[in-house]
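Report on the following structure.
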Amino acid sequence: MLKIGSYNIQKSIGVDARRRPDRTLKVIQELDCDILALQEADKRFGPRESTLDRETILHETDYRPVPFATGDKSLGWHGNAILVRNSIDILEHRRLDLPTLEPRGAVAVDLMVAGEKIRVAAMHLSLLSHFRKKQITSLMHQLHEHLAYLPTVLIGDLNEWRDSAGSIKLFEERYEVTTPGRSFPSPLPVGSLDRIITSPEFIVRQAGVHKSKTARVASDHLPVWANLTLEPAGHLPG
């Protein structure tokens, strides 16, 4: 069983307008995921400094960040970061540029988990439907045209309110899209913006939204999670 999650931490600023990285880290530890994607982990300007301290993560948790950052003050790439348990081996990682009017990107990492190779890609898509579709098309092309195939999980803040939207359908030829539940805005969620998307080798056993008291104030998004099992010999795409 593999627990994977996604959390837009809004640069560690809560709904009370206070920047509290310690509170964000508490929610991360409550989640207890094996692999966790973060969005808005870094500030957008200047040195793109992370709002979470790398050394604190390394010394006070069982996680380490995948090294996507281009500078020593950042945690990710265009705000996208992935934390993995220390028991998981990082094999390869890459930054993926996505088309948009503003700087956006995705990240991908190949991991060895309990003797099986998997790929995890994390994203934070545009607010505009037109660019979301272009970004998903670009992401799919980069993952499937240039890389050897691996069982894959895509996670992140898709900024898409409807499961029936055209942007969601772009995933469905290759993947199963799981909407764990309403995650935005955190005090009284009405939108299911955060999703977990799996290739056919994965079975989603359980999924949900983390709704602790701390999570309801630590960011404008609630974290989402899913428990997965892997059938490595299962129905690969032709």
Side-chain angles (χ1 to χ4, degrees), residues 3-44 48 50-52 57 61 63 65 75-83 98 100 102-107 120-129 131-132 135-136 153-163 165 167-168 171 177-197 204 206-227:
K3 186 175 184 181
I4 195 160
S6 180
Y7 187 21
N8 184 330
I9 67 172
Q10 198 186 208
K11 307 173 189 69
S12 299
I13 298 174
V15 294
D16 57 1
R18 300 172 65 196
R19 193 188 301 277
R20 290 274 308 277
D22 61 310
R23 188 168 55 186
T24 303
L25 202 60
K26 182 176 187 295
V27 177
I28 288 171
Q29 291 176 299
E30 288 175 354
L31 273 166
D32 197 30
C33 290
D34 299 300
I35 302 164
L36 179 63
L38 303 177
Q39 301 87 48
E40 298 192 29
D42 303 331
K43 298 175 184 177
R44 296 187 64 186
R48 311 236 173 184
S50 174
T51 60
L52 296 177
I57 294 171
T61 78
Y63 297 107
L75 203 65
W77 168 250
H78 291 303
N80 294 289
I82 297 178
L83 305 181
L98 298 180
T100 188
E102 58 179 329
R104 291 265 181 179
V107 292
V120 176
M123 71 204 86
H124 185 190
L125 300 185
S126 176
L127 294 168
L128 302 175
S129 175
F131 279 103
R132 280 197 297 275
Q135 288 165 358
I136 293 167
V153 183
L154 312 177
I155 43 181
D157 177 358
L158 304 192
N159 268 317
E160 180 57 75
W161 292 75
R162 297 178 297 114
D163 286 337
S167 61
I168 298 298
F171 288 113
V177 179
T178 297
T179 302
R182 296 176 179 178
S183 55
F184 177 85
S186 55
L188 189 64
V190 296
S192 305
L193 305 187
D194 306 282
R195 291 177 173 86
I196 296 170
I197 302 163
V204 178
Q206 190 178 14
V209 180
H210 183 72
K211 301 177 182 178
S212 73
K213 181 178 178 181
T214 305
R216 288 187 181 276
V217 297
S219 169
D220 61 347
H221 283 248
L222 293 169
V224 300
W225 57 271
N227 287 327

- [ ] Kindly assign one of parallel, tilted or perpendicular to the pair His221 and Phe184, based on the angle between their ring planes and the thresholds 30° and 60°.
- [x] tilted

Open item on the list: Between Thr179 and Arg195, is there a side-chain donor-acceptor contact under 3.5 Å, judged purely by atom types and distance?
Closed with: yes

TODO: State, without any angle test, whether His210 and Glu30 hold a side-chain donor-acceptor pair at a distance under 3.5 Å.
DONE: yes

Is it the case that the side chain of [X] and the backbone of [Y] share a donor-acceptor pair, with hydrogens and angles ignored and the cut-off at 3.5 Å?
{"X": "Asn80", "Y": "Gly105", "result": "yes"}
{"X": "Thr24", "Y": "Ile9", "result": "no"}
{"X": "Tyr63", "Y": "Cys33", "result": "yes"}
{"X": "Asn8", "Y": "Asp157", "result": "no"}
{"X": "Ser50", "Y": "Leu52", "result": "yes"}
{"X": "Asp34", "Y": "Lys3", "result": "yes"}
{"X": "Arg20", "Y": "Ile13", "result": "no"}

Open item on the list: Going by side chain to side chain contact (heavy atoms under 4.5 Å, CB included), Ile197 matches just one of Thr178, Ile155, Val153, Leu158. Which one?
Closed with: Leu158

Task: With His124, the side chain to side chain contact (heavy atoms under 4.5 Å, CB included) member among His78, Gln135, Gln39 - done: Gln39

Shortest non-hydrogen contact from [X] to [Y]?
{"X": "Val27", "Y": "Tyr7", "value": "CG1-CE2, 3.6 Å"}
{"X": "Ala41", "Y": "Leu75", "value": "CB-CD2, 4.4 Å"}
{"X": "Ala215", "Y": "Ser186", "value": "O-CB, 4.0 Å"}
{"X": "Ser6", "Y": "Leu36", "value": "N-CD1, 3.6 Å"}
{"X": "Asp163", "Y": "Ile168", "value": "O-CG2, 3.5 Å"}

Side chains of [X] and [Y] in contact at under 4.5 Å (non-hydrogen atoms):
{"X": "Ser167", "Y": "Glu160", "value": "yes"}
{"X": "Val177", "Y": "Leu154", "value": "no"}
{"X": "Lys211", "Y": "Arg216", "value": "yes"}
{"X": "Val209", "Y": "Pro189", "value": "no"}
{"X": "Ile82", "Y": "Val107", "value": "yes"}
{"X": "Ile196", "Y": "Val204", "value": "no"}
{"X": "Trp225", "Y": "Ile4", "value": "no"}

Task: Lys/Arg-Asp/Glu bridge criterion (N-O < 4.0 Å) met for Arg182, Asp194 - done: no

Task: NZ/NE/NH1/NH2 to OD/OE distance under 4.0 Å, Asp42 and Lys11 - done: no

Task: Trace of the side-chain contact (heavy atoms from CB on, under 4.5 Å) decision for Trp161 with Val190 - done: CA-CA 9 Å; Trp161 292 75; Val190 296; 4.0 Å; yes

Task: Within 6.0 Å of CZ in Arg19, more than 12 heavy atoms from elsewhere - done: yes

Open item on the list: Walk me through whether Ile28 and Leu38 qualify under side-chain contact (heavy atoms from CB on, under 4.5 Å).
Closed with: CA-CA 10 Å; Ile28 288 171; Leu38 303 177; 4.2 Å; yes

